[in-house]
Number of protein chains: 4
Amino acid sequence: MAVAEPENTPRRRAPRADAMRNRDAIVEAAAEVLAEQGTAVDVREIARRSGVGMGTLYRHFPKKEDLVHTVLRKDFSEWAESARRAAIEAEEPWAALTDFYQQALTGYARHRAIMERFALTWADPDLEGIHQLRLVIEELCARATGLLRPGVTTDDLLLLLVSLGHAVQITGECRPLMWNRLLRISLDGLRADHDEPLPATPAPTTHPPNPQQPPR
Amino acid sequence: MAVAEPENTPRRRAPRADAMRNRDAIVEAAAEVLAEQGTAVDVREIARRSGVGMGTLYRHFPKKEDLVHTVLRKDFSEWAESARRAAIEAEEPWAALTDFYQQALTGYARHRAIMERFALTWADPDLEGIHQLRLVIEELCARATGLLRPGVTTDDLLLLLVSLGHAVQITGECRPLMWNRLLRISLDGLRADHDEPLPATPAPTTHPPNPQQPPR
Amino acid sequence: MAVAEPENTPRRRAPRADAMRNRDAIVEAAAEVLAEQGTAVDVREIARRSGVGMGTLYRHFPKKEDLVHTVLRKDFSEWAESARRAAIEAEEPWAALTDFYQQALTGYARHRAIMERFALTWADPDLEGIHQLRLVIEELCARATGLLRPGVTTDDLLLLLVSLGHAVQITGECRPLMWNRLLRISLDGLRADHDEPLPATPAPTTHPPNPQQPPR
Amino acid sequence: MAVAEPENTPRRRAPRADAMRNRDAIVEAAAEVLAEQGTAVDVREIARRSGVGMGTLYRHFPKKEDLVHTVLRKDFSEWAESARRAAIEAEEPWAALTDFYQQALTGYARHRAIMERFALTWADPDLEGIHQLRLVIEELCARATGLLRPGVTTDDLLLLLVSLGHAVQITGECRPLMWNRLLRISLDGLRADHDEPLPATPAPTTHPPNPQQPPR
DNA sequence: CATGAATGAGGGTTCATTCAT
DNA sequence: TATGAATGAACCCTCATTCAT
């Protein structure tokens with residue numbers, strides 16, 4: 001790791017640094033590709049873009065999911081971290097909340113894999129970053145008490161985030177920024193001047209897993 | 001040398017009962033499976049569940065997409081129709097809007113394939129039913145003029161629908177009805193007592209198709 | 001099964017005629033389609049064009065090959081018969097030969113299935129008609145003794161027929177009648193003024209069935 | 001299976017040559033199988049014979065047609081090249097022509113896929129090798145001016161080649177070399193001592209694409 | 001008997017993962 | 001160790017043939 005590599009390969013002393021560099025290249029390429037195409041990408045595409053062979057990729061990440069996990073851990077963490085910082089810097093509680101969504105939707109909601117994963121695990125975070133996003137929101141929520149309509153929970157704000165994130169994805173390139181309007185609407189709906197209580201959520205139940213029969 | 005048959009061959013194909021039953025079984029199984037798993041399902045799974053062989057399935061639906069299309073056409077149409085009826089019956093414009101979302105999210109938003117397709121084509125409907133949903137919303141929108149905040153468009157309401165539909169999907173079985181709260185929030189945000197104008201959307205542009213690099 | 005059918009189906013007296021009519025329709029449609037597309041056609045296409053169901057088709061012809069056989073028997077027979085008649089009518093032996101090829105190539109060589117089958121069984125006829133074609137050629141050959149170069153056999157003339165038939169097929173619609181030139185050339189080459197003996201053919205051997213290794 | 005290994009193949013040690021060997025094995029097996037059975041072969045059969053898995057085959061040749069194309073390109077090219085060389089070496093123009101046919105029919109006409117493709121594209125070559133075969137014939141044709149009967153074109157000679165190639169195929173293993181007699185006949189018919197003009201070919205027309213109805 | 005629906009063994013192709021070099 | 005070739009199960013789809021109505 002700390003050893004210099006004389007360019008014409010003595011080779012004896014390059015293992016860790018090399019491996020690290022490879023690993024980073026893989027993660028970087030994967031991040032790119034996962035953001036663009038979601039988790040459905042062909043692993044080969046990642047190998048290709050990172051310039052390493054499949055073997056190397058699989059040495060570092062024995063399962064595709066391992067790589068995805070790693071990338072998303074990093075991306076979620078960066079997101080959480082920048083969100084945390086922004087939250088700290090913001091002075092107005094309401095602006096902090098607003099800015100959070102703005103930043104999230106502008107910056108991260110286009111990341112297909114992030115949104116895929118977020119949708120799957122927002123309620124049961126399997127990644128540190130997701131948990132921390134929740135913490136950030138929790139704090140934003142706490143700070144905005146009195147400004148937020150009563151009863152609004154962190155989960156509400158998280159679900160809203162995923163929901164609007166989806167709007168960002170589907171407006172994509174052809175309806176850019178239309179999600180902004182939805183954001184505005186939702187944020188206004190979150191304001192304290194709405195004092196009707198939100199509907200209560202039943203405790204988590206086990207539903208018949210196949211309830212799609214449309215209603216009569 | 002088979003040529004055009006003179007008009008006195010009504011050619012009344014007796015829609016064989018068992019074929020119809022099979023077709024229905026296929027469509028039903030497909031609807032079930034598509035609702036559960038989305039369009040990525042294995043065609044064999046549909047055949048299996050409907051109790052027919054691959055050949056039968058492909059006799060009725062020469063391409064997988066044909067089956068998907070058929071199922072979605074039906075489901076979207078039923079949705080649109082029931083939405084239309086509900087819209088007509090509702091007396092209060094606001095209640096009509098509210099009920100529309102309630103019904104949609106309760107009844108249809110769990111259908112994975114419906115939501116997949118809706119997300120893809122909400123802005124450019126390829127199914128009659130989708131178009132009619134838009135029409136229903138258009139009318140709800142028109143009727144609610146004065147109650148809706150100024151500037152809200154049909155597209156806003158549609159995007160909101162897809163967005164909340166996604167929330168329904170991800171709350172799934174374990175957080176039932178939590179989306180209800182989001183709905184309430186959004187609807188409140190749509191009320192006319194919010195008079196700040198919504199952000200303008202730029203006209204549809206061609207963006208660099210690969211904008212996913214998350215911000216620093 | 002033996003029960004009389006109610007009023008407006010006399011039916012009692014039509015069974016064989018009906019079956020016959022169906023059979024004929026099948027054969028006719030099959031002839032058409034086999035001529036157009038060769039034996040690779042989908043059986044459904046034949047059923048469709050003949051206006052009968054698959055079951056009927058398979059009742060008359062339990063295997064696709066049975067139908068093909070039947071059609072080709074008929075077509076080869078017609079061919080043989082018309083060739084025979086023409087041979088009889090022709091006064092000049094050489095003209096008889098010439099006309100035979102002309103007629104064959106103009107009239108039958110476009111029939112894909114005929115040519116397919118002819119290519120497979122010209123030397124070992126499995127159809128009466130093929131055998132009779134051979135007989136016709138045999139006679140033409142005999143009558144043209146003295147005009148044909150010495151040593152020319154019926155098999156030569158048959159092989160030439162298949163060979164030119166193939167030329168007809170591949171010139172198809174875009175190079176119509178070019179095969180005519182080949183025919184002329186071949187016929188000239190068959191004339192008695194060529195007195196060099198033709199190369200002897202070894203007796204039929206069993207070759208290694210896979211001799212495709214191209215020579216160095 | 002895989003043959004033709006240059007003598008001292010360590011077998012256990014094949015760094016990258018391994019892939020090449022596999023590729024070659026695939027091509028070789030494909031050539032074999034395509035020669036035997038034509039382009040209708042099952043890709044799995046090729047994989048089996050070459051001793052590789054489907055994935056390997058598709059790694060090297062993403063579409064079946066790519067493999068077919070590769071094999072045919074190679075085979076046609078070898079053919080064209082050897083024909084070209086033979087044409088150059090031959091001193092007598094007529095012998096050159098004769099030898100060309102002899103070699104072609106002896107060496108390549110048994111290759112089913114080659115003949116299939118040749119029949120389809122002789123008039124409109126899609127492979128370099130086919131085009132070069134045409135060039136060789138063109139030159140043979142030019143050199144034989146004065147020996148060839150007037151009016152004979154390159155296209156005539158090409159069509160003759162395909163036509164006789166078909167004869168080779170159908171004589172197959174059981175009537176070996178009988179095509180030789182046809183060749184002799186045709187070549188004699190091509191000689192200049194025949195001075196009757198060949199029938200003119202109409203310019204390429206668009207025919208009713210379905211003219212197969214055999215005559216009464 | 002006629003009908004046409006049903007069957008299911010392939011056929012071409014893809015991709016996560018393993019393995020030889 | 002890095003490489004990228006190899007693997008093979010799984011996917012969508014076709015068609016000769018059988019079978020229920």
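Here the structure is a predicted model, which means the values were calculated and not measured.
Shown here are the side chain to side chain donor-acceptor pair (under 3.5 Å) partners of B:E65, two or more places apart in sequence or in another chain: B:R117.
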Please tabulate, one pair per line, each protein N/O and nucleotide N/O from nucleotides 15-17 of chain F that are separated by under 3.5 Å, including the distance.
from	atom 1	to	atom 2	distance (Å)
F:dA16	OP1	C:K64	NZ	3.2
F:dA16	OP2	C:D42	OD1	2.9
F:dA16	OP2	C:V43	N	2.9
F:dA16	N6	C:R44	NH2	2.3
F:dT17	OP2	C:Y58	OH	3.4
F:dT17	OP2	C:K64	N	3.2

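Salt bridge annotation for C:R21-C:E28: absent, with no cationic side-chain nitrogen under 4.0 angstrom from a carboxylate oxygen. Ion pairing of A:E36 with A:R112 is absent here, as no side-chain N (NZ or NE/NH1/NH2) approaches a carboxylate O to less than 4.0 Å. Between D:E128 and D:R73, no side-chain nitrogen of the basic residue sits less than 4.0 Å from a carboxylate oxygen of the acidic one, so the salt-bridge criterion is not met.
The CE atom of A:M115 sits 12.0 Å away from the CZ atom of A:R110 when rounded to the nearest 0.5 Å.
Rounded to an integer number of Å, the gap from D:I46 CD1 to E:dT13 C1' is 14 Å. In this entry the distance linking CG of A:L57 with P of E:dC15 reads 16 Å, nearest Å. To the nearest angstrom, P of E:dT3 lies 19 Å from CE of B:M20. Note: CZ (C:R48) to P (E:dA2) measures 20 Å, nearest angstrom. Taking atom CD1 of residue A:I26 and atom P of nucleotide F:dT3, one finds them 9 Å apart after rounding to whole Å.
C:H60 and C:N22 form no side-chain donor-acceptor contact under 3.5 Å, judged by distance and modelled atom types alone.
Mapped onto DNA chain F by nearest heavy atom, D:H60 and A:N22 fall at different nucleotides, with A:N22 at the one closer to the 5' end.
Base-pairing analysis of DNA chain F finds the following stems of at least three consecutive Watson-Crick or G-U pairs, with both pairing distances under 3.5 Å: E:2-21 with F:2-21.
Contact of the C:L72 side chain with the C:H111 side chain is registered, since non-hydrogen atoms from C-beta on lie closer than 4.5 Å. The side-chain heavy atoms of D:F61 and D:V27, taken from C-beta on, include a pair separated by under 4.5 Å.
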